[in-house]
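The structure appears below as structure tokens.
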Amino acid sequence: MQYIGTRDKTITATASQAILKGICSDGGLFIPEEIPQMDKPLSELINLDYKELAYEILKLYLTDFTEQELKYCIENAYDTKFDTSEIVPLVKKGDAYFLELFHGKTLAFKDMALSILPYFMKIAAKKNHIEKEIVILTATSGDTGKAALEGFAGVEGTKIIVFFPEDGVSPVQKLQMTTQEGKNTCVVGIKGNFDDAQSAVKSIFTDKELSETLEQKGYLFSSANSINIGRLVPQIVYYYYAYTQAIKQGAITVGDKLNFTVPTGNFGDILAGYYAKCMGLPVNHFICASNDNKVLYDFFETGVYNKNRTFHVTISPSMDILISSNLERFLCHNIGQEKTKECMTKLQQEGTYQINRKESEISGEYATEQETYQSIQKLYKETKYVMDTHTAVAYAAYQKYKKQTKDNTPMVIVSTASPYKFTKDVMTALDEKNQKEDAFVLMKELEKVSGVKIPASIQGIETRKVLHNNVCEKQDIKNFVCSFLS
Ligand SMILES: *Cc1c(COP(=O)(O)O)cnc(C)c1O
């Protein structure tokens with residue numbers, strides 16, 4: 001199977017080349033020429049464990065990888081780094097099923113893809129006879145950074161540089177990154193937000209002069225952001241897994257439909273769900289849930305995408321994004337390359353574009369800060385289950401959707417992070433007076449109220465040595481990269 005560009009279908013690549021490149025030379029993203037169909041019946045898939053299911057899906061997308069190579073990647077990625085052998089548990093709480101994607105080392109769903117991406121990258125480099133050192137440039141709204149560092153630290157033949165918004169991540173997220181060990185790692189706080197970091201990184205990828213200079217020096221850039229197709233494909237797996245678990249738990253029978261609500265920022269997670277549906281997974285509807293940065297909600301309501309608006313720093317920081325990169329892929333699948341290119345040019349020049357709105361399998365919903373706090377408290381009161389702030393945006397969005405539509409298809413809430421990453425805001429939701437408490441003291445409190453142990457990977461994190469204290473202005477990101485590599 002070939003991958004083609006979202007702005008120009010004559011740009012083509014094999015799966016391994018697309019993974020190595022990360023982004024097309026014209027700034028577009030790689031998409032599969034055609035979304036493949038699942039070749040096994042659901043009745044057979046329900047007997048597979050997470051790793052076996054991963055193989056059935058990856059083999060349809062990474063067609064230039066051998067069976068042996070894919071199984072090697074899967075075995076090494078989904079091992080004891082996850083604190084449960086199920087890898088991704090589905091749990092029923094209140095009126096919904098929660099797909100817990102945070103049992104990996106860095107406690108967010110980014111681990112699902114970033115624990116396997118370094119293995120893809122190494123094999124892809126070998127396949128394409130790349131001898132150069134691969135430099136992974138990563139912009140993060142908080143969770144990708146740590147998950148990518150964890151995946152690439154110590155991986156021979158790679159360096160990784162992570163840019164995070166200095167004032168836009170939680171205390172736990174920040175320490176997770178700045179205490180990262182590994183000679184090949186570099187972490188930089190920027191005076192700006194995620195959009196600034198992602199735009200700078202994207203422009204470095206498409207800077208011909210710079211990439212030629214660096215190639216001469218023996219470097220090749222790639223991306224660990226969800227603009228990389230190698231990030232997206234592993235995320236399709238857990239939509240299938242949610243479905244097979246829902247059958248096992250008696251929520252549905254084979255062939256019945258499920259709904260999903262996905263807390264969304266860069267549109268990568270929900271796009272993987274859309275791919276699953278296109279492959280034949282019985283999904284009735286997706287709710288794309290936003291926080292106060294509700295650019296996607298407005299888009300799905302009106303067909304107008306407009307990033308010219310105030311950027312809000314919220315209690316769900318990993319969704320604080322106004323330029324949602326993967327929407328470009330969704331657009332291209334729906335309106336084709338030519339129109340997508342027009343929209344993306346307009347977005348770059350004017351910050352806005354418009355398409356003809358039509359009913360689709362995805363609709364937008366959003367939750368305010370107040371609604372997010374309230375939904376954490378309400379679900380806790382009813383069930384003693386503590387959600388993180390991002391999951392809570394999704395849950396609040398689902399409550400609104402249910403009220404409006406009366407749709408009673410079983411709902412899966414895609415639960416993207418552990419509440420321990422956002423202890424302060426989660427505990428404040430449960431009791432306002434916690435607002436004044438220290439985030440790390442509150443971890444112990446969270447342990448008491450939730451009955452869930454503090455995850456091993458962040459125990460004592462507040463006493464770990466800070467190894468990275470680089471800070472840079474947003475306009476200096478390119479210079480920083482150049483001087484780091486010379
Ligand atoms: C990254 C992230 C999101 C948003 O995912 P996208 O793929 O960017 O839409 C939501 N929640 C958490 C906790 C995240 O880390």
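Both counts, for ligands and for their atoms, begin at 1 and track the order of listing. Only heavy atoms go into these numbers, but all of them, side chains included; no hydrogens, no water, no symmetry mates.
A donor-acceptor contact closer than 3.5 angstrom links the side chains of K146 and Q180.
The residues lining ligand 1, counting any heavy atom closer than 4.0 Å, are F109, K110, D143, P263, T264, G265, N266, F267, G268, D269, S318, M319, H390, T416, A417.
Under the ring-ring contact (aromatic ring centres under 6.0 Å, His included) criterion, F120 pairs with F65, sequence neighbours left out. In this structure, the salt bridge (charged side-chain N to carboxylate O under 4.0 Å, His left out) partners of K81, at least two apart in sequence or on a different chain, are D79.
Aromatic rings of Y395 and F98 (six-membered ring for Trp) have centroids within the 6.0 Å cut-off, being under it.
Applying the ring pair (Phe, Tyr, Trp, His ring centres under 6.0 Å) rule to pairs touching residues 360-383 yields Y297-Y366, sequence neighbours excluded.
Using a 30° and 60° split on the angle between ring planes, F286 and F260 fall in the parallel class, below 30°.
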